[in-house]
Amino acid sequence: MKTSRDIIVIGLGGMGSAAACHLAARGQRVLGLERFGPAHNRGSSHGGSRITRQSYFEDPAYVPLLLRSYELFAKLERDTGRDIATLCGGVMLGRPDSRTVAGSLRSAQEWGLPHELLDAKEVRRRFPTLTPGEDEVALYEERAGFVRPEATVTAHVQLALQAGAELRFEEPVTRWEVLPGGKGVRVHTADDVYTAGHLVVCPGAWAPRLLAGLGIGFAIERQVMYWFQPPGGTAPFEPGRHPIYIWEDAEGVQIYGFPAIEGPDGGAKVAFFRKGSDCDPETIDRTVAEEEVAAMAAQLAPRIPALPGRLRKAVTCMYTTTSDEHFVLARHPAHPDSVTVACGFSGHGFKFVPVIGEIVADLALNGTTEHPIALFDPLRAPLGQSATPEGETTT
Ligand SMILES: Cc1cc2nc3c(=O)[nH]c(=O)nc-3n(C[C@H](O)[C@H](O)[C@H](O)COP(=O)(O)OP(=O)(O)OC[C@H]3O[C@@H](n4cnc5c(N)ncnc54)[C@H](O)[C@@H]3O)c2cc1C
C-alpha cells in the first residue's frame, strides 16, 4: 500500500489525461493509472485527426462548451509549443432538412456563430473536390477544422507531469472500491493497491467493465478510418485549400473527412460517422475487410470523385455510445462523495477534451461546475438505468 493521494484518475486517454492535467494544475496530488502506453492506439483517441466545429448539429447545448474548448486548445498549444488545432474551415453537407444541415444551422443561429449557407453550385465553385447533388446545400463554418488526438494526449500528459502528477502506464486497474464512512477510495491494479480521497474514472470503451454500477447500457462500436490516396495527387486536398466535411445522404448515413494532412503520400482520411458494428475492446477485430473498403469507396465516388484511389491504410477505433448519443459526465450517482465519471462520449467527444478536463476537475474538487452539463446527467430518462453501488470491478 502506497501513500494516499488526493485523486486517482483511471484511464489516461483523451479525457483522463486532460483531467489529470487540470487536477494537477490545481495543486492536487494526482495518481493516473493507464493500462497501455501514453497516446496509444488501442482505445478511442488515435488516428491523427479529429473534427472540431462549433455549429453543432447534435444540440445547441454543446456550443458554450465548444467555445471554451477552443480557448483551452489554444492555451494547450501555447503552453506546450505543440501543433494541435488547425482551423481550415468546414462544410456540413446534405439536404436542407437533414440533421447535419438543419441542426448545424440551428446551433449557428441560436448562438450567433459566423456561418454561410452555400447552394450546390457555390459548394462546387469554392471546393472543387466536392460534388453535391442539386438538392443538397452546405453550411460553411470558417472556424471548423481538426485537432490532433495523439498530440493532445501527449500535451496533457506532459503538463500533468510538469505539475507533479504521478502517471503510471502499462498498469491496468483490476477493480476499485469506495471505502466505508466516506474515507475515500481504494484502487487495485495488476501490480499494487492505492488509496485516495477521490476517484475519477475515464475508461473509454472499457466503461461497461469499470463502471458497471452506473447501470447504463453503452454500445461499444467498432469504427474504421480510411486513408485514400487521390489518384490525381493530394494538392487539391491540402489543408490550406480543403475543408473538413460531414456529409449526410438521403438515407441519413453520414461520412466525414479531412484534408490530406500527412504529406503527399499519406492520403486523405475519411470515415462513416455512425455505421459501426458492436465489439468488445478485448477482442475487437482490427483487420479491415475488402468489402468495408469497397463500401466506403462507393459512398465517396459520387460525392468526392477525386478521392477514392488506392487505400493507404485503414485503422479501427471504438465509440462508446449511449442511447441518446450524449455524454455521461457527473459525480457517480451511487458514490456522489467519492467518484466522478466521464464516459459515453458517443463518437463525438474529442473536440471537447480540454473542457472535459476542466469540468472533471470542477466536479472532483467542488462537486459542481459552472459549465452547462445538464444534458450529460447519468440519471436522465433516455438512459433508463438505475445506479447501484455494486459491481465496479475487473478489467
Ligand atoms: C474513428 C473515430 C473517429 C472519431 N472522430 C471524432 C471527431 O472527428 N471529433 C470528435 O470530437 N470526436 C471523435 N471521436 C470520438 C473521440 O475520439 C472520443 O469521444 C474520445 O477519444 C474518447 O476519449 P476517452 O478518454 O473517453 O477514451 P480513450 O481515449 O480510449 O481513453 C480511455 C482510456 O482508459 C484506459 N483504460 C481502460 N480500462 C482501463 C483499466 N482497467 N486500467 C487502466 N486504464 C484503463 C484505456 O486504455 C484508455 O487509454 C472519434 C472516435 C473514433 C473512434
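As the structure lists them, so they are numbered: ligands from 1, and atoms in each ligand from 1.
Ring geometry, W176 versus H335: the interplanar angle exceeds 60°, so the pair is classed perpendicular (tilted spans 30 to 60°). Between F228 and Y226, the ring-plane angle classifies as parallel under the 30° and 60° cut-offs. Ring geometry for F146 versus F258: interplanar angle over 60°, hence perpendicular rather than tilted (30 to 60°).
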Practice item. Might you work through the side-chain hydrogen bond (donor to acceptor under 3.5 Å, both in side chains) test for H188 and E177, ending with a clear yes or no? Key: CA-CA 9 Å; H188 302 254; E177 68 226 352; 3.0 Å; yes

Could you please spell out the steps behind the ring pair (Phe, Tyr, Trp, His ring centres under 6.0 Å) verdict for Y62 and F327? CA-CA 10 Å; Y62 287 88; F327 311 156; 5.3 Å; yes

R125 vs D119, test: salt bridge (Lys or Arg N to Asp or Glu O under 4.0 Å). Steps then yes/no.
CA-CA 10 Å; R125 193 186 68 77; D119 63 16; over 6 Å; no

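Near M318, with a cut-off below 4.0 Å to any heavy atom, the atoms of ligand 1 are 53 (C). The C317 neighbourhood of ligand 1 comprises atoms 1 (C), 2 (C), 51 (C), 52 (C), 53 (C), with distances under 4.0 Å to a heavy atom of that residue. The contact set between ligand 1 and M225, taken as ligand atoms under 4.0 Å from a residue heavy atom, comprises 1 (C). Residue G204 has at least one heavy-atom neighbour below 4.0 Å for each of these atoms of ligand 1: 26 (O), 27 (O), 32 (C). Near G11, with a cut-off below 4.0 Å to any heavy atom, the atoms of ligand 1 are 33 (C), 34 (O), 35 (C), 44 (N). Heavy-atom proximity to S45, at under 4.0 Å, picks out these atoms of ligand 1: 20 (C), 21 (O), 23 (O), 28 (P), 29 (O). Proximity to Y319 (heavy-atom distance under 4.0 Å) selects the following atoms of ligand 1: 2 (C), 50 (C), 51 (C), 52 (C), 53 (C). Near Y256, meaning under 4.0 Å from one of its heavy atoms, ligand 1 places the atoms 1 (C), 2 (C), 3 (C), 4 (C), 5 (N).
Between F169 and H40, the ring centre distance reaches or exceeds 6.0 Å.
Looking at H40 against ligand 1, only its side chain comes within 4.0 Å, counting heavy atoms. Counting heavy atoms under 4.0 Å from ligand 1, residue P203 touches it through the backbone alone. At a 4.0 Å heavy-atom cut-off, ligand 1 touches C202 through the backbone alone. Under 4.0 Å from ligand 1, heavy atoms of F350 appear from its side chain as well as its backbone.
Proximity of F146 to ligand 1 is not established, as no heavy-atom distance is less than 4.0 Å. The closest approach between any non-hydrogen atom of A205 and ligand 1 is not below 4.0 Å. Using 4.0 Å as the threshold, R42 has no heavy atom nearer than that to any atom of ligand 1. Ligand 1 does not have G47 within reach: every non-hydrogen atom of the residue lies 4.0 Å or more from it.
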Side-chain donor-acceptor pairs under 3.5 Å in residues 236-245, sequence neighbours left out?
from: R241; atom 1: NH1; to: A235; atom 2: O; distance (Å): 3.3
from: H242; atom 1: NE2; to: T129; atom 2: OG1; distance (Å): 2.6

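Relative to the six-membered ring of F36, R42 meets both conditions, a distance below 6.0 Å and an angle of at most 45° to the axis.
Nearest residue to atom 39 (C) of ligand 1 from L210, T189, L66, V173 is L210 (criterion: closest heavy atom). Considering R50, R35, R168, M15 only, the shortest heavy-atom separation from atom 6 (C) of ligand 1 involves R50.
Among pairs with a residue in residues 136-150, those fulfilling side chain to side chain donor-acceptor pair (under 3.5 Å) read S55-E141, D83-R148, T86-R148, E136-W247, at least two apart in sequence or across chains.
Of the possible polar contacts, none joining the E166 side chain to the L31 backbone as a donor-acceptor pair under 3.5 Å is found.
Considering backbone and side-chain atoms together, S44 places an N or O closer than 3.5 Å to an N or O of ligand 1.
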